Structures are given as C-alpha cells and as structure tokens.
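Right, one structure below, let's go through it.
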Amino acid sequence: MTSVHTSTQEQDARAVASPEWARARGGLPEPPERPIAWSMLSRALSVPLILGLVCFLPAVIAAQPGSGVKDTAYWLQLVLTCYAGARLATMILSTRRRLLQGVFWMFVYIAMGVAPFAQVVIGQTPTPMVGPRQDLITAVALVLVGCAAFDLGALLASRRPLRRRTPSPRSPGGGQAVAHPLRLRLLVLLAFAASAFYVMKLGGPSVFFSSRQEINETVAASGVVSEGSNVGSAFVKGFGQVPALLALLFYTRRLATSYRARRTPSTALVWVALVALNLVVNNPVSNARYWFLTVLMAFVFTAFPSSAAIYRVVLATGVVGALVVFPYADKFRYDDEAQRPAQSASVFEPLVTKDYDQMVMFANTISWVDTRGHTYGRQLSGSALFFVPRAVWSGKPEDTGVRVGQWMGLRMTNLSAPLWTEFWVDFGASGVIGGLALIGYAVARTDRRYALAVTRAGPGPGSVLAVAAPLIAGYTFILLRGPLLQAAGKLAIAALCLLLISTFKERRTARRR
C-alpha cells in the first residue's frame with residue numbers, strides 16, 4: 001500500500017513539473033515549434049483567411065453602390081474593419097486558444113466593423129443619426145482607440161504569470177474552484193423547480209414554441225411585472241433559464257471528460273432530462289437570438305473543451321453566420337402580422353436595415369451626452385444595482401439605449417448601447433480607454449486560466465472555470481451589445497449559482513476519470 005501511494009504521489013509530482021503544466025501556469029514560454037500537421041494547415045489557411053477578412057470583404061463592401069461619402073468617417077471605419085479582421089484572423093490561426101478574446105474580436109469585426117462600414121458606403125443606417133457627422137467620426141475613432149486599449153491590456157496580462165506560488169503535488173488543480181457534488185445535485189433540483197415555476201407562470205410549455213411576441217405578452221399579463229419596473233420579470237425569467245443551462249453544462253462536461261460518468265446511467269439520465277428542460281425554456285423560437293447564441297456557444301465549447309478545430313470553426317463560421325443567418329433568424333420571433341418584411345436587393349442590405357445599430361447608436365449617445373454632460377458613474381451604478389426596484393430607488397437610471405432613444409423621440413426604444421457607450425456616458429474618453437484596457441487584461445487572464453482548466457493537469461470534470469468561461473464567451477455578445485442594465489440580471493444569477501456550488505477543497509473522488 002505504501003509503494004502504491006508513493007507511486008501516485010510521484011505521478012502527480014511529475015504532472016505538476018511537466019513543461020505543459022508550467023507553460024499553462026505562465027512559468028515557461030510557449031514552444032518555438034508547432035506540430036508539423038498544424039503548421040502545414042496553418043500556412044495553407046493563413047493567406048486566404050487574412051486576405052478574406054482584411055482585404056476581400058472590405059473591398060467588396062467598398063464597391064457597393066450607395067450614397068455614402070468618402071470622408072474621415074469612411075476611412076476610419078475602413079481602418080477599424082481591417083484592424084478587427086486582422087486580430088480575428090490572429091485569434092483563429094493562433095496555436096493557443098483564446099476563447100474570450102476570439103469572441104470579442106468576432107463581435108467587433110461584425111458589429112463595429114463590417115456592418116457600420118456597409119452603412120457608411122450605402123448611406124443608410126438602421127437608426128437615424130440625429131447629431132452632426134462629426135459625432136460619427138468621434139464614435140468610430142473611440143471604438144478604434146478602445147480596441148487598441150483592449151489589446152494593450154491583453155498584452156500586459158500575457159507578461160505576468162498566473163500564480164506566484166508553486167502548486168502542491170497533492171492538489172494538481174492548483175486551488176481552482178470545482179463543483180461540489182452535493183451542491184451540483186441541488187443546482188439540478190433548483191433548475192427543475194425554477195423552470196417549472198417559470199413554465200407554469202406563463203401558461204404551460206406550448207407558449208414556449210409559439211413566438212417571442214407571445215412570450216412577452218404572457219409575461220406582461222402574468223403579474224410579475226410592476227408598473228415602471230421589470231425586476232420581477234427579470235428574476236422569474238432569469239431563474240427559469242440560467243440554472244437549467246448551468247446544470248446542463250456541468251453534466252455535459254462530466255460526460256465529455258469523465259469515462260466513469262459515461263458509464264453511470266444516472267448521470268446520463270439526468271443529462272437527457274436537462275436537455276429536454278432546456279429545449280423548452282432556452283429554445284430559439286421564443287428567446288432572443290443573442291441569448292440562444294449564448295446557449296449554443298456555451299454548450300459547444302463545454303462539450304468539446306480541448307478541441308482546437310471546434311474553436312477555429314466557430315470563429316470562422318461565426319462571421320458567415322452573422323452576415324447571412326443572424327439577420328434572418330428572427331422569422332419566428334413575432335407573429336406573421338408583426339414581422340418586418342425581408343428585403344434582399346443586396347446581400348449587405350440586412351446590415352444597414354436591421355440589427356447592427358451599434359456604431360450609429362454610439363454616435364447618437366455622443367450627441368446626447370453633449371446636451372447634458374457625463375454622468376460620472378451613475379449609469380454604471382444603475383447596472384450594478386439592477387436588482388433594486390424602482391419603487392425603492394425612484395431615481396434609478398434607465399437603460400442607456402432607452403434614454404438615448406427617448407431623447408431622439410423614437411417610439412421603439414429597444415436600442416443597443418455597446419460597451420464603449422456605457423464608459424463614454426459616465427467617464428468620457430478616459431473611461432473608454434481605461435475600461436477597455438481593464439477588460440482586455442481580465443479577458444486575457446481568464447483565457448489563460450481556462451486553457452489550464454481544460455488540460456489533463458486541470459481540476460477535472462468538475463472544473464467551474466471550464467464551464468464558466470464558455471458561458472461568459474457566449475454572453476459576451478450580449479454584454480458588448482448592451483445595454484448593461486438589461487444584461488446584468490442573468491449574469492448575476494449565473495455568478496450566484498456558480499458561487500453556491502463552488503468549492504476549493506480537493507476531492508479524490510471528484511478527480512477520478
């Protein structure tokens with residue numbers, strides 16, 4: 001028995017001391033040479049990918065007929081598009097998977113690069129621009145500066161090791177959070193109970209397969225929405241959807257990484273039940289497209305935690321999906337009489353008539369701030385304290401997009417407020433630069449820790465970070481699009497659930513494969 005125990009300790013010590021482990025911790029540099037197969041594939045893909053994202057697609061857009069003028073906004077938007085395309089190509093071709101950074105640059109390339117560039121060329125925007133052209137120039141320049149600040153923050157994060165203390169051979173997970181088995185079972189019970197309440201409150205499962213419009217009307221008639229406040233409906237909907245998704249992700253990771261779990265019938269049965277539950281509460285028919293995109297990406301990256309091919313395919317096909325599929329994915333969101341007719345005279349028309357209003361809304365936000373001044377933290381505090389009802393906090397700030405839409409005199413105020421605008425409203429240019437730099441730093445650190453969590457030396461099937469990072473990656477689209485006040489609810493519920501089931505105590509039974 002003593003020899004077996006000593007052998008196990010020696011194996012753990014060798015795993016901790018291995019070069020792969022040290023590189024994941026930041027203690028050793030990356031290997032200078034890549035595998036031959038991937039090196040050849042990378043060379044074959046790099047040229048067409050970079051040319052396609054940086055040169056071909058912007059050139060095709062620039063050649064489109066339209067009434068746009070080639071002024072400073074045009075050239076700044078072109079530079080931003082090419083810059084984001086080059087960074088996205090870098091994320092796809094990198095030998096190291098940068099999950100959150102890759103999603104960030106995919107959003108910037110489409111929503112802040114390609115789509116606004118098409119709008120500038122064609123001379124049409126999804127939302128009217130009420131201010132002078134100079135405000136659009138300022139908006140594009142601030143987005144470009146913010147992206148550079150994000151890169152600077154990521155670069156600073158890459159220069160620092162993840163941990164300063166040496167991990168113990170008895171705890172190869174390095175103190176990373178893992179899901180406590182009993183608490184995870186309680187999360188499953190919470191998911192079924194909360195989702196059942198959510199389904200019954202809205203009148204049964206059939207409502208979830210009708211349309212998003214009917215869901216909204218049912219929520220409004222259910223009594224959970226008080227006048228002037230959506231806190232009640234946000235909590236009911238959030239707890240009805242988020243715990244179910246998190247429980248599914250944890251059980252998916254267990255099945256994907258643990259041979260023992262795949263041979264346990266109870267684990268498989270719970271996973272099947274959670275899949276059925278999510279098909280009801282998180283299906284694409286009755287939910288916002290951004291939320292279903294979160295569900296889809298989180299599931300894919302959790303089910304294939306160490307697949308570099310899946311990571312690259314998602315980023316590469318995401319561009320095509322955003323251009324072709326996403327603008328038409330709202331076919332079932334509303335009833336037939338409420339749907340907006342699709343017009344497709346040009347392949348780029350959906351980019352100028354539907355969903356991609358981020359850049360023009362940034363310009364309108366700049367115009368709005370010019371009339372009233374910066375709020376110096378008020379808007380962000382409203383997002384942080386989203387759970388406080390307006391009956392208690394009478395002066396609680398509204399969504400930034402709603403405030404700007406009301407100022408513009410629009411009837412439909414469900415408008416985007418990208419993250420750049422939230423920082424600008426409160427703190428101006430310094431807020432945009434500092435905020436994006438901090439986000440870049442945090443995102444890069446999280447990417448490195450996630451890479452460690454999905455390796456064999458990581459904390460095993462119960463790793464919290466291996467589930468949280470894919471969820472955050474999918475939710476990044478919602479956070480970047482904004483407004484933050486709308487996005488804060490589900491994010492806080494997810495953080496609460498993860499906090500309740502997490503433990504830092506190493507368990508031998510949790511590490512068995």
Side-chain angles (χ1 to χ4, degrees), residues 67-69 71-77 80 108 111-112 115-117 119-120 123-147 149 228-230 352-386 388 390 393-436 439 479-488:
S67 59
V69 295
D71 59 355
T72 305
Y74 174 94
W75 295 111
L76 281 176
Q77 191 65 65
L80 175 60
V108 173
M112 312 301 285
F117 185 52
Q119 296 163 16
V120 170
Q124 183 179 352
T125 57
T127 304
M129 191 175 70
V130 297
R133 184 76 169 182
Q134 181 60 41
D135 287 347
L136 179 62
I137 296 174
T138 303
V140 180
L142 284 171
V143 171
L144 187 59
V145 171
C147 289
S229 177
N230 294 321
V352 302
T353 59
K354 289 193 175 182
D355 303 288
Y356 297 107
D357 65 340
Q358 284 78 23
M359 190 64 76
V360 68
M361 281 304 298
F362 192 4
N364 287 330
T365 303
I366 292 175
S367 303
W368 176 62
V369 171
D370 287 343
T371 65
R372 63 186 306 279
H374 298 286
T375 54
Y376 301 105
R378 178 177 172 79
Q379 286 297 117
L380 290 177
S381 66
S383 301
L385 301 175
F386 70 96
V388 179
R390 296 189 184 277
W393 185 4
S394 59
K396 181 179 178 180
E398 293 183 286
D399 293 329
T400 302
V402 172
R403 293 291 304 276
V404 177
Q406 292 173 346
W407 173 77
M408 294 169 61
L410 300 178
R411 296 180 57 187
M412 198 283 291
T413 57
N414 183 21
L415 304 170
S416 65
L419 193 58
W420 290 259
T421 70
E422 301 284 2
F423 291 133
W424 172 262
V425 168
D426 274 348
F427 304 111
S430 60
V432 173
I433 297 172
L436 267 297
I439 290 175
L479 294 173
L480 292 176
R481 179 201 178 266
L484 279 181
L485 185 58
Q486 293 182 11

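In this chain, numbering begins with 1 at the start of the sequence shown. Nothing here was measured: the structure is a model prediction, and the numbers come from that model.
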Walk me through whether Thr127 and Leu410 qualify under side-chain contact (heavy atoms from CB on, under 4.5 Å).
CA-CA 9 Å; Thr127 304; Leu410 300 178; 4.0 Å; yes
Worked check of side-chain contact (heavy atoms from CB on, under 4.5 Å) between Asn414 and Gln486:
CA-CA 10 Å; Asn414 183 21; Gln486 293 182 11; 4.1 Å; yes
When you look at Val130 and Trp407, which way does the side-chain contact (heavy atoms from CB on, under 4.5 Å) test go after all the steps?
CA-CA 10 Å; Val130 297; Trp407 173 77; 3.4 Å; yes
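Looking at heavy atoms from C-beta onward, Leu484 lies in side-chain contact with Leu419 at the 4.5 angstrom threshold. In this structure, Ile433 and Phe423 have side chains that are not in contact, with every pair of non-hydrogen atoms separated by 4.5 Å or more. Contact annotation: the side chain of Met112 approaches that of Met359 to within less than 4.5 Å [non-hydrogen atoms, C-beta and beyond]. Between Met408 and Pro128, some side-chain heavy-atom pair lies under the 4.5 Å cut-off. Within the 4.5 Å cutoff, no side-chain heavy atoms of Tyr74 are placed close to those of Val69. Put simply, the side chain of Tyr356 reaches to within 4.5 Å of the side chain of Gln119, judged on heavy atoms. Using a 4.5 Å heavy-atom threshold, the side chains of Cys147 and Leu436 count as separate. Considering only heavy atoms from C-beta on, Trp420 comes within 4.5 Å of Val108 through its side chain.
A search for side-chain hydrogen bond (donor to acceptor under 3.5 Å, both in side chains) contacts involving Asp71 returns Arg133, not counting sequence neighbours. Residues meeting the side-chain hydrogen bond (donor to acceptor under 3.5 Å, both in side chains) test with Thr375, sequence neighbours left out: Asp426. With sequence neighbours left out, the side-chain hydrogen bond (donor to acceptor under 3.5 Å, both in side chains) criterion links Ser416 to Asp357. Residues satisfying the side-chain contact (heavy atoms from CB on, under 4.5 Å) criterion with Gln406, sequence neighbours excluded, are Glu398, Val402, Arg403, Thr413. The side-chain hydrogen bond (donor to acceptor under 3.5 Å, both in side chains) check on Glu422 picks up Thr400, with sequence neighbours excluded.
The line from CG of Leu485 to CZ of Phe386 is 9.0 Å long, rounded to the nearest 0.5 Å.
Under the 3.5 Å distance criterion, the side-chain polar atoms of Lys396 are left unmatched by any main-chain donor or acceptor of Gly382.
Under the 30°/60° scheme for interplanar angles, the aromatic rings of Trp424 and His374 are found to stand perpendicular.
The heavy-atom pair separating Asn364 from Met129 by the smallest distance is OD1-CA, 3.4 Å. Of all heavy-atom pairs between Gly401 and Pro483, the closest is N-CG, 3.9 Å.
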What side-chain donor-acceptor pairs closer than 3.5 Å can you find for residues 134-146, not counting sequence neighbours?
unit_1	atom_1	unit_2	atom_2	d
Asp135	OD2	Ser367	OG	2.4
Thr138	OG1	Gln134	O	3.0

